[in-house]
Protein chains: 2
Amino acid sequence: MANDELILLDFWPSMFGMRLRIALAEKEIKYEYKEEDLWNKSPLLLQMNPIHKKIPVLIHNGKPICESIIGVEYIEEVWKDKALLLPSDPYDRAQARFWADYIDKKLYYSARKIWGANGEEQEAGKKEFIECLKVLEGALGEKPYFGGDNFGFVDIALIGFYSWFHSCETYGNFSTEAECPKFVAWAKRCMERDSVAKSLPDQHKVLEFAKTLRHKLGLE
Amino acid sequence: MANDELILLDFWPSMFGMRLRIALAEKEIKYEYKEEDLWNKSPLLLQMNPIHKKIPVLIHNGKPICESIIGVEYIEEVWKDKALLLPSDPYDRAQARFWADYIDKKLYYSARKIWGANGEEQEAGKKEFIECLKVLEGALGEKPYFGGDNFGFVDIALIGFYSWFHSCETYGNFSTEAECPKFVAWAKRCMERDSVAKSLPDQHKVLEFAKTLRHKLGLE
């Protein structure tokens with residue numbers, strides 16, 4: 001697919017965008033990165049994702065693929081020749097999809113409550129967030145990666161959140177490493193990969209962004 | 001897979017359970033149906049879905065697959081020899097997954113507000129519900145089914161909601177057919193299939209169930 005045109009509409013602190021960046025890096029696929037301003041969305045974004053109007057959107061030869069997990073599956077199906085991200089066994093694939101879905105349904109919203117709220121809601125978010133991480137730690141078990149020996153689909157779905165941990169810890173006043181040491185060991189293992197290291201922003205830069213968001217939300 | 005043991009933990013009015021019933025019927029797969037009492041969940045359900053504790057759960061040779069859309073993909077991947085539900089082209093597959101995800105994120109919650117609330121929230125639910133149906137009608141276009149000429153993945157994800165339309169119309173005081181005639185024509189087309197007709201409960205029985213739920217929720 002040498003002549004393919006591939007564009008990623010993204011926003012640097014997005015853990016959903018990071019999934020596509022990592023998947024594309026794992027497959028060694030070149031693409032054009034276009035940064036969006038979420039407070040002044042481009043006509044291209046509104047045209048390519050008229051339903052949700054959200055990043056990330058992968059545009060392959062003019063056709064949009066929306067929703068990050070669906071985008072990772074698309075990348076997997078189109079570029080099959082290298083770095084398989086999903087296991088081949090149907091049951092293992094279903095398990096990988098289950099955990100990616102769990103991350104979207106549970107972890108995202110609990111993390112958001114920590115930096116995007118105060119008081120009781122923030123406390124509830126912190127409790128849920130740590131519970132989620134413990135559940136995920138249980139799913140990881142003693143394996144190096146969620147799928148076993150190889151970095152793959154669930155790792156890609158999850159690792160972007162790690163760049164937000166410093167913000168969660170700062171506003172929630174807790175230590176992820178003290179609560180979930182195996183989870184943090186897994187995250188550090190992922191960060192050693194080039195595909196991950198170059199796709200995740202610096203956690204201090206994310207904290208600065210979280211501060212800006214909290215000001216916009218009237219929380220500070 | 002003649003000696004496979006396949007069990008479906010389900011609850012008759014669940015539009016999510018209906019997805020698995022229809023997919024299994026399309027593939028002509030035999031299974032044991034076990035009705036759950038959601039107010040007194042079985043030890044088997046709690047053991048098989050400890051994370052969400054929700055139906056439907058498909059249990060294949062003792063191993064659980066949770067989350068209905070993931071279950072439909074699992075059925076597709078294990079029983080590949082008949083009635084392919086997803087298109088083969090990666091872009092078309094991504095589109096099918098996008099619409100299934102849209103149904104879960106938008107349609108379910110708007111429908112729920114109509115029968116599960118009163119007053120302003122109910123009115124908001126009705127507005128969102130009709131908007132969702134119009135978006136889906138746009139995605140259907142002039143095709144007989146969402147994937148084109150063949151009944152498939154998005155149809156399976158969506159048609160179960162049709163058994164709840166009578167409840168939504170009763171509590172929301174509107175006519176889906178007047179608002180979205182092409183959508184209703186599609187639903188009636190689906191209902192002509194044996195796999196769908198035998199998997200969906202009678203809409204009047206669903207209304208009786210919705211009444212019971214409203215009493216439990218203190219809405220009547």
Side-chain angles (χ1 to χ4, degrees), chain A residues 1 4 6 16 20 23 48-54 57-80 86-109 131-132 134-136 138-139 153-154, chain B residues 1 4 6 16 20 23 48-54 57-80 86-109 131-132 134-136 138-139 153-154:
Chain A
M1 309 222 165
D4 281 19
L6 199 62
F16 303 113
L20 296 175
M48 290 288 148
N49 191 356
I51 303 294
H52 298 304
K53 303 176 179 65
K54 284 181 182 173
V57 180
L58 188 66
I59 310 173
H60 188 195
N61 296 328
K63 296 199 290 185
I65 300 102
C66 303
E67 298 295 310
S68 61
I69 285 295
I70 295 170
V72 174
E73 287 228 33
Y74 178 78
I75 291 166
E76 174 80 343
E77 292 184 359
V78 172
W79 290 275
K80 289 182 213 177
L86 273 161
S88 57
D89 176 73
Y91 188 76
D92 295 339
R93 292 164 73 86
Q95 288 301 99
R97 289 178 179 132
F98 175 85
W99 288 114
D101 180 74
Y102 175 82
I103 292 160
D104 281 358
K105 281 184 179 150
K106 301 284 182 184
L107 189 66
Y108 174 70
Y109 294 100
E131 277 171 11
C132 276
K134 286 187 191 292
V135 166
L136 289 164
F153 192 70
V154 181
Chain B
M1 307 218 166
D4 282 20
L6 199 61
F16 303 114
L20 296 175
M48 289 289 149
N49 191 357
I51 304 294
H52 298 304
K53 302 177 179 66
K54 286 182 181 172
V57 180
L58 188 67
I59 309 173
H60 188 195
N61 295 330
K63 295 198 291 185
I65 300 102
C66 303
E67 299 294 311
S68 61
I69 285 295
I70 294 170
V72 173
E73 288 227 34
Y74 178 78
I75 291 166
E76 173 79 343
E77 292 185 359
V78 172
W79 290 275
K80 289 182 212 178
L86 272 161
S88 57
D89 176 72
Y91 188 76
D92 295 339
R93 292 164 73 86
Q95 289 302 99
R97 288 178 179 132
F98 175 84
W99 289 115
D101 180 74
Y102 176 82
I103 292 159
D104 281 357
K105 282 185 179 149
K106 302 283 182 184
L107 189 66
Y108 174 70
Y109 293 100
E131 278 171 9
C132 275
K134 286 187 191 292
V135 166
L136 289 165
F153 193 70
V154 181

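Predicted, not measured: the structure shown is a model, and the values here were computed from it.
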Residue pair B:Y91 / A:N61, side-chain heavy-atom distance below 4.5 Å: no
Candidate pair B:F98 and A:I65, rule side-chain contact (heavy atoms from CB on, under 4.5 Å), full reasoning: CA-CA 8 Å; B:F98 175 84; A:I65 300 102; over 6 Å; no
Contact class of B:E76 relative to chain A, heavy atoms under 4.5 angstrom: neither
What part of [X] lies closer than 4.5 angstrom to a heavy atom of chain B: side chain, backbone, both or neither?
X     : answer
A:P50 : neither
A:R97 : both
A:I69 : neither

Atom NZ of A:K80 with >12 non-hydrogen neighbours under 6.0 angstrom: no
Best-contacting candidate, B:K63, B:E67, B:E73, B:Q95, against chain A by heavy atom pairs under 4.5 angstrom: B:K63
Plane angle bin for A:Y102 and B:H52 - parallel if under 30°, tilted between 30 and 60°, otherwise perpendicular: tilted
Between CG on residue A:D101 and CG on residue B:D101, distance to nearest 0.5 Å: 9.0 Å
Over all atoms of both residues, closest heavy-atom pair of A:P90 and B:Y74: O-CD1, 3.5 Å
